[in-house]
2 protein chains.
Amino acid sequence: MAARVDHEERRTQIAEALLRIADTQGLQSASMRAVAAEAGVSLRLVQYYFTTKEALLLDALARLQSQLQGRMNAWIAAAGAPPTPRSVVTAILSCIVPTDAESSRIARTYNGYYTLVLNDPDVLEKHGAAQPAVLEGFLARQIRAAQQTGEVAADKDPELITAGLLAMVNGLGSSVLGGQRSGEDALAILRYYLDTTLFT
Amino acid sequence: MAARVDHEERRTQIAEALLRIADTQGLQSASMRAVAAEAGVSLRLVQYYFTTKEALLLDALARLQSQLQGRMNAWIAAAGAPPTPRSVVTAILSCIVPTDAESSRIARTYNGYYTLVLNDPDVLEKHGAAQPAVLEGFLARQIRAAQQTGEVAADKDPELITAGLLAMVNGLGSSVLGGQRSGEDALAILRYYLDTTLFT
DNA sequence: CATGTCGTGATACACATGTATCATGACAGT
DNA sequence: ACTGTCATGATACATGTGTATCACGACATG
């Protein structure tokens, strides 16, 4: 009944089913059985390819991160060539705000994972949690570069600026997910800060 | 065995047990049984005084909100008399950042409720969800007042400014809860924005 | 004194969840 | 052709959850 099968393909199929559920019903609803049904396989298979639920969650998270990375690269590229520090910073921060289906999906799902971590700090700890710090460092370097080209005033503190902006983007995303604001409104707020308080 | 009892007192006792659990173990861990144990009563009593779990959650949320309100008032008062728009805005935003035990508790618990709402939009809907909008309006008025006293540049948009700041405070709070930053660092970032990009 | 409502306990129910077990057909290597 | 590993299914198990039911003692009111 079952020939040798491409494990990676099956794992992808199942992990993406989880991400789909996390998008439409929330990560909390992504039970093993729900994932199995969504992927069109039996519960046993989900166990077979990912032994434990934690392993499945970690694998799906890795895929989610690479999706976000891809989106960022696409937005940087779409911001025009050659990229300037200003266009790069604007693109990265803007592409996080949930304005279209993809960014909403990513934001929703990331939020679900964040909740998981908050309620069970160690479970997902083996996953490089330094991700936000990396992004923060990268943005800070862009700001520094912008200071040298005169796009940003020299007396601004790049670390504090980027930390604040990332927190703001994060908070804006939450407000959009909570339905308090539209994605466009959130983007307008971000752009306002970038254009009036950061760049000259 | 049981004389007539002060219902409000018992309800307080139970609701605060829930908030205590939400603080120490996360709102997800606040099952009816856990709340009963924490409050030192039987499961039946939790049902008796709050029929359904949803009712208990709503009641506890109302108490949490009034606690935050009290904290805001205290911080405004502590900022010095007479209050200026600048001191009021700074106090309100600062007292939300999780720097001490109380603000951490409040932030953690609010975050739990926020997650609930995201995963089940209607369940808590009957609770006036307009709370954030109210705060936003209040802060925007303070900014406007600050513009007339010259504390804030006249060309700034009060609505966009306050929306961005609230989102930032929210995001900073998340980062502190997630352990990416200390409360003091978060507060420093907020103060930096207030002092260098908002107030003259 | 009788009676009914109040406060409380013990326990049952129905369901969902993650994980474990057992069985079995298919294919590969010998 | 035989045998063992692979892929898969069906099902069981232990646990936790919100809610419901039944019982019973205490007190207030008539």
Side-chain angles (χ1 to χ4, degrees), chain A residues 1-15 17-22 24-61 112-113 115-117 119-120 122-124 126, chain B residues 1-15 17-19 21-22 24-61 112-113 115-117 119-120 122-126:
Chain A
M1 185 187 234
R4 293 301 191 275
V5 135
D6 184 343
H7 270 223
E8 187 46 35
E9 187 182 355
R10 275 253 186 285
R11 287 172 63 91
T12 300
Q13 174 190 3
I14 295 174
L18 188 158
L19 294 180
R20 229 172 300 135
I21 291 182
T24 57
Q25 305 165 247
L27 191 57
Q28 319 271 356
S29 302
S31 69
M32 297 265 115
R33 286 168 177 81
V35 170
E38 173 71 26
V41 301
S42 76
L43 169 59
R44 180 69 179 86
L45 283 203
V46 180
Q47 291 185 266
Y48 184 67
Y49 289 102
F50 301 92
T51 317
T52 180
K53 184 178 186 182
E54 183 185 339
L56 170 57
L57 284 170
L58 283 170
D59 188 273
L61 176 55
Y113 274 103
T115 298
L116 270 193
V117 173
N119 292 165
D120 200 344
D122 352 276
V123 171
L124 293 184
K126 55 200 62 162
Chain B
M1 186 187 235
R4 293 301 191 273
V5 136
D6 184 343
H7 270 224
E8 187 47 34
E9 188 182 354
R10 275 254 187 286
R11 288 173 63 91
T12 301
Q13 174 191 2
I14 296 174
L18 190 162
L19 294 180
I21 292 182
T24 58
Q25 306 165 246
L27 191 58
Q28 319 271 356
S29 302
S31 69
M32 296 266 114
R33 287 168 176 82
V35 171
E38 172 73 25
V41 301
S42 76
L43 169 60
R44 180 68 179 88
L45 283 203
V46 181
Q47 291 185 265
Y48 184 69
Y49 290 102
F50 298 93
T51 317
T52 181
K53 183 177 187 183
E54 183 186 338
L56 171 57
L57 284 170
L58 283 170
D59 188 272
L61 176 55
Y113 274 103
T115 298
L116 270 193
V117 173
N119 292 163
D120 200 344
D122 350 278
V123 170
L124 293 183
E125 197 180 76
K126 56 200 60 162

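Reckoned from all heavy atoms, side chains included, excluding hydrogens, waters and symmetry mates. Here the structure is a predicted model, which is why all the values come from computation and not from measurement. Below, chain A is the first sequence line, B the second, and so on; all start at residue 1.
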Quiz item: What closest approach, in Å, do B/A60 and B/Y113 show between heavy atoms, and which atom pair accounts for it?
Solution: CB-OH, 3.4 Å
Quiz prompt | Result of checking B/R10, B/K53, B/R11 against B/D59 for salt bridge (charged side-chain N to carboxylate O under 4.0 Å, His left out) | solution = B/R11
Quiz item: Where each residue is assigned the nucleotide of DNA chain C containing its nearest heavy atom, which of B/D6 and A/M32 is assigned the position nearer the 5′ end?
Solution: B/D6
Quiz item: Given D/dA7, is OP1 or OP2 found less than 4.0 Å from the side-chain N or O atoms of A/H7?
Solution: yes
Quiz item: Which pair of non-hydrogen atoms, one from A/L27 and one from A/G112, has the smallest distance, and what is that distance?
Solution: CD2-C, 3.5 Å
Quiz prompt | Check: B/E38 side chain, B/L18 main-chain N or O, donor-acceptor pair, under 3.5 Å | solution = no
Quiz prompt | Atom pair CZ (A/R44) and CE (A/M32), whose distance is rounded to the nearest 0.5 Å | solution = 12.5 Å
Quiz item: Ignoring hydrogens and angles, are the base of C/dG18 and the side chain of A/R33 linked by a donor-acceptor pair under 3.5 Å?
Solution: yes
Self-check item: d(CD1, A/I14; C1', D/dT8) in whole Å
Solution: 12 Å
Practice problem: Let me know the distance between CZ of B/R10 and P of C/dC6, rounded to the nearest Å. | Solution: 16 Å
Self-check item: Neighbours of DNA chain D within residues 42-55 of chain B, by heavy-atom distance under 4.0 Å
Solution: B/L43, B/R44, B/Q47, B/T52, B/K53
Self-check item: Minimum heavy-atom distance between B/A17 and B/V35, given as atom pair plus value
Solution: CB-O, 3.9 Å
Practice problem: Grab the CD-P distance between B/Q28 and D/dT17 for me, whole Å please. | Solution: 12 Å
